There are 2 protein chains.
Amino acid sequence: MAAQRGEGETTTTPAEPADRERARAIPEAAVARLAVYLRALSGMADQGVTAVSSEELSQAAGVNAAKLRKDLSYIGSYGTRGVGYDVEVLVSHIERILGLTRNHSVAVVGIGNLGHALANYGGFPGRGFPVTALFDVDADLIGIPVGGIPVNHIDEITAICLEREVSIGVIATPPPAAQSVCDRLVSAGVQCILNFAPVVLQVPDNVEVRKVDLAVEMQILSFHVARRADEAAGVSVDNNGLGVDGMVSRP
Amino acid sequence: MAAQRGEGETTTTPAEPADRERARAIPEAAVARLAVYLRALSGMADQGVTAVSSEELSQAAGVNAAKLRKDLSYIGSYGTRGVGYDVEVLVSHIERILGLTRNHSVAVVGIGNLGHALANYGGFPGRGFPVTALFDVDADLIGIPVGGIPVNHIDEITAICLEREVSIGVIATPPPAAQSVCDRLVSAGVQCILNFAPVVLQVPDNVEVRKVDLAVEMQILSFHVARRADEAAGVSVDNNGLGVDGMVSRP
DNA sequence: TACCGCTTGTGAACGCATGCACAAAGTCGA
DNA sequence: TCGACTTTGTGCATGCGTTCACAAGCGGTA
């Protein structure tokens, strides 16, 4: 999870020392789902539900019940056999694991359309993520508050991020600016970056980057449309573009 | 090569009917990367680069070269050994596989901050995704053009989507409205949905949903911050919060 | 107290994805 | 034309993640 991301290093040596830690690590995919469970549980808590079974919760989260139980088992055994889980207890344990107890301060860089949207998200749904700083290069924006927070010039990133102890940086700039902004965030001590710019960021090993790429998402959907259309058209699924002619004699 | 793909299986079992199709399917993860390769290639083409090796392209895309070659092999053999790939050729083949040749028309529902941002994205980076319809419930927004497209009332979804042959619906509404909007999109024949609302959508089998969940992304980052902080503090990675005492001495 | 039924927690099998390593296949220079 | 060099395409092994299936454990009931 942490120390992977590409890295074509030919570490021909087999057993790494990091394996021991990994043994107790929670799979990345499971972490993502824990966040989903947390939302479902929060909703239940708000409605006064106090207990829930793996079956119910898994349906609310849109996953398989066995997977949910396994995911929860990574963080410990907090259920009661024959009964289920206490909602409050589960919420607090997931929050602890996800590190939501320490209130992460968030900085958004690039106050364009998307930046505006992010700034106004206000504390982000699921709470615990106060946006405490906004940055842009555009002089017209500086000082103007968006979502209650004034916009600062991008040159102040380092100082302000350090001062406000920003732990998560969100990049919502145009692609060409992304790497430079990223570098500045990193030098300001930010170790987690959420990148909306369609750019592959270069970062040191100790920085975690997650990417949200709208174009990629759209294109994946497009792929599925195309595949369906092909199937519907009776065209035997054909990856090589030679149409009906090229080979393909699949009985 | 393209003639056979996933035949490793001892066909002892009569085999499911769906297996045959699956044999030719491209792994989901590879599809996502193809979109990334495509962007890198487009950038190269714009700069006049005409040929590229798997090594170069893999670096631009931030992945391992072997993985890239395997991904490309799923769509056919379009490289030249000893030389590399022709940029133009690769671009056109990836575009074909991703279905970008048929211009997908996109509808955005929910013209709040995020909806605005999406509407203004204008054709989406990576082109080929014209936004042709916007919807909202707010009467104050109806008729006002955003990013050049007038906003329609949500009740018109079905009619307009059918008329404009919308193939991808983007949901950027508040959570409570999401499922209902989704249902309407589906009944309008939309088979692909990109969902920004933090809700688990219920859809028929023939509809593809992708979810972009900002809160989840943030929480995943938060998890990594927390894990790092723990490690830095010398706390042996401890998932159950009971400190050294709790459970399990798994070696 | 002892039994019964329900739900959790998890060992084990399976399947997909990743990375390696090399043969195949092409180019280029002599 | 031939040989050396370069880079692709892919079989194979490995590891992660998902799913299955069931024993363990707990509350309720007689």
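These numbers were taken from a predicted model, which means no experiment stands behind them.
For A:L34 and D:dG17, the CG to C1' distance is 14 Å, given to the nearest whole Å. When the P atom of C:dG11 is taken as reference, atom OH of A:Y74 falls 11 Å away, rounded to whole Å. In this entry the distance linking CD of A:E56 with P of C:dT7 reads 9 Å, nearest Å. Distance B:N64 CG to C:dA21 C1': 12 Å, rounded to the nearest Å. Straight-line distance from the CD atom of A:E55 to the P atom of C:dT7: 9 Å, rounded to whole Å. One can place OH of A:Y78 at 16 Å from P of D:dC26, the figure rounded to the nearest angstrom. C:dA17 atom C1' lies 15 Å from atom CD1 of B:I26, rounded to whole Å. Going from atom CD of A:E28 over to atom C1' of D:dT18 covers 16 Å, rounded to whole Å.
Under 4.0 angstrom from either OP1 or OP2 of D:dG17 there lies no side-chain N or O belonging to A:R33. Contact check, A:Y85 against C:dG9: a side-chain N or O comes under 4.0 Å of OP1 or OP2.
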Determine, step by step, whether B:I171 and B:C182 satisfy the side-chain contact (heavy atoms from CB on, under 4.5 Å) criterion, reporting the C-alpha distance in whole Å, the side-chain angles of both residues, the deciding distance to 0.1 Å, and the verdict.
CA-CA 7 Å; B:I171 298 179; B:C182 174; 3.8 Å; yes
Run A:F223 and B:L34 through side-chain contact (heavy atoms from CB on, under 4.5 Å) and show every step you take.
CA-CA 10 Å; A:F223 169 79; B:L34 283 174; over 6 Å; no
Close N/O contacts between protein and nucleotides 21-25 of chain D (under 3.5 Å):
from	atom 1	to	atom 2	distance (Å)
D:dA24	N3	A:R81	NH1	2.6

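With D:dC26, D:dC20, C:dT27 as the choices, the nucleotide that has an atom nearest any side-chain atom of A:T80 turns out to be D:dC26. You'll find that the side chain of A:S53 is closest to C:dT8, out of C:dG9, C:dT8, C:dA17.
Here the rule is side-chain contact (heavy atoms from CB on, under 4.5 Å) with B:I94, and of B:I97, B:V91, B:L98 only B:L98 fits it.
With hydrogens and angles ignored, no donor-acceptor pair under 3.5 angstrom links the side chain of B:K70 to the base of D:dG9.
For A:Y78 and A:D86, the side-chain atoms include no donor-acceptor pair closer than 3.5 Å.
In terms of modelled atom types and a separation under 3.5 Å, the side chain of A:T80 and the main chain of A:V83 share no donor-acceptor contact. B:N195 contributes a side-chain N or O that, together with a main-chain N or O of B:V199, makes up a donor-acceptor pair within less than 3.5 Å. Between the side chain of B:E56 and the main chain of B:S53, a donor-acceptor pair closer than 3.5 Å is present.
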